[in-house]
Amino acid sequence: MRKTNEQSNIRPLNAAGKHHIAIEAQQAKYTRYIHLRRRFLLGVFMIIVAVIAMVNFHKQYTKYTTASAGLAETTKTLATAKTSHSNLKQEVKDLDDDSYLEKLVREKYMYTKDGETVFNIPN
């Protein structure tokens with residue numbers, strides 16, 4: 001917006017006309033002041049809204065990253081539990097087999113059959 005000096009060849013004929021021109025100039029000045037004030041308040045309001053939005057976004061992002069980390073940890077724990085479950089299931093099946101039980105007792109508790117000699121060889 002460009003600022004112009006109000007120079008005119010028109011001169012008021014009487015004091016009432018001069019007074020009217022002064023009032024119009026004062027009203028124009030007041031209107032510009034109001035307009036600038038409204039622009040300033042709108043700018044401040046927009047900045048406040050932007051800051052609040054950024055704070056809320058940061059909070060949501062923090063919650064999201066925490067949930068993602070928890071999900072990854074839970075997925076890892078689930079995979080470990082599934083592996084453990086399958087191993088235990090296989091062990092239960094093996095415990096029903098007499099040859100496996102015999103092998104387990106011989107290795108773990110050093111049992112022998114009658115007339116059998118066991119040699120322990122160091123690794």
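A quick note: this is a predicted structure, and the numbers were derived from the prediction, not measured.
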If Ile, Leu, Val, Met, Phe, Trp and Tyr residues are connected whenever their side-chain heavy atoms lie under 4.5 Å apart, and connections chain through other members, are Phe40 and Phe45 in the same group?
no
Membership question, hydrophobic clusters at under 4.5 Å side-chain separation (ILVMFWY): are Val44 and Ile52 in the same one?
yes
Taking the inter-plane angle between the rings of Tyr111 and Tyr109 on a 0 to 90° scale, is it parallel (under 30°), tilted (30 to 60°) or perpendicular (over 60°)?
perpendicular
Could you tell me whether Lys29 and Glu24 have a side-chain N and a carboxylate O separated by less than 4.0 Å?
no
Taking atom types as modelled, find out whether Asp94 and Gln90 have a side-chain donor-acceptor pair closer than 3.5 angstrom.
yes
Once you round to the nearest 0.5 Å, how far does [atom1] of [X] lie from [atom2] of [Y]?
X: Leu41; Y: Arg39; atom1: CG; atom2: CZ; result: 12.5 Å
X: Asn14; Y: His19; atom1: CG; atom2: NE2; result: 11.5 Å
X: Gln60; Y: Asn56; atom1: CD; atom2: CG; result: 7.0 Å
X: Asp97; Y: Glu102; atom1: CG; atom2: CD; result: 10.0 Å
X: Leu95; Y: Leu104; atom1: CG; atom2: CG; result: 7.0 Å
X: Tyr30; Y: Ile34; atom1: OH; atom2: CD1; result: 3.5 Å

Side chains of [X] and [Y] in contact at under 4.5 Å (non-hydrogen atoms):
X: Arg37; Y: Arg32; value: no
X: Ser84; Y: Leu88; value: yes
X: Leu42; Y: Met46; value: yes

Determine yes or no for a side-chain-to-main-chain donor-acceptor pair under 3.5 angstrom, with Thr66 supplying the side chain and Thr62 the backbone.
yes
Are there more than 12 heavy atoms of other residues, nucleotides or ligands under 6.0 Å from atom CD of Glu73?
no
